[in-house]
Student: 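Pasting a structure below so you can have a look.
Just so it is clear, the values below take in all heavy atoms, side chains as well, and ignore hydrogens, waters and symmetry mates. Just so you know, residue 1 is the first one in the sequence shown, and it goes up from there.
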Amino acid sequence: MATYRSAAALLAQDGTRTPGTAALFTEPGRKGKTPPWAGDFRPATDAGGPKDAVGKTFTLELPDGRTGKAWSKASRAAKEASRWH
């Protein structure tokens with residue numbers, strides 16, 4: 001199972017950018033398919049984080065410029081991680 005943990009940014013559809021840390025891992029893939037990634041995003045301590053994120057679509061931007069579509073499945077209390085797929 002591949003893993004990734006590093007600085008990242010979450011970009012909302014309205015252009016809001018939230019810096020933080022992404023902790024990602026691959027989930028088991030279906031036979032012959034590319035395994036999907038899932039993980040957590042923790043906003044930086046000075047960033048408020050996206051409000052009412054559950055069910056919304058965002059773009060996750062990695063430090064090397066790569067981006068990917070992300071959506072929130074669940075959110076914990078303020079300043080804690082959100083679960084992303």
Student: Search all heavy atoms of Leu60 against all heavy atoms of Phe41 and return the closest pair with its distance.
Tutor: CD1-CD1, 4.1 Å
Student: Mind checking whether Leu10 and Leu62 sit in one hydrophobic cluster, side chains of I, L, V, M, F, W, Y counted as touching below 4.5 Å?
Tutor: yes
Student: Between Trp37 and Tyr4, is there a side-chain heavy-atom distance shorter than 4.5 Å?
Tutor: yes
Student: Looking only at heavy atoms, what is the nearest atom pair of Ala22 and Ala8, with distance?
Tutor: CB-CB, 3.8 Å
Student: Could you give all pairs that pass the salt bridge (charged side-chain N to carboxylate O under 4.0 Å, His left out) test and reach residues 5-23, with sequence neighbours left out?
Tutor: Arg17-Glu61
Student: Taking all non-hydrogen atoms of both residues, which atom of Ser6 and which atom of Pro63 are closest, and how far apart?
Tutor: OG-CG, 3.8 Å
Student: Looking at every heavy atom in both Thr57 and Trp71, which two are closest together, and how far apart are they?
Tutor: CA-CB, 4.2 Å
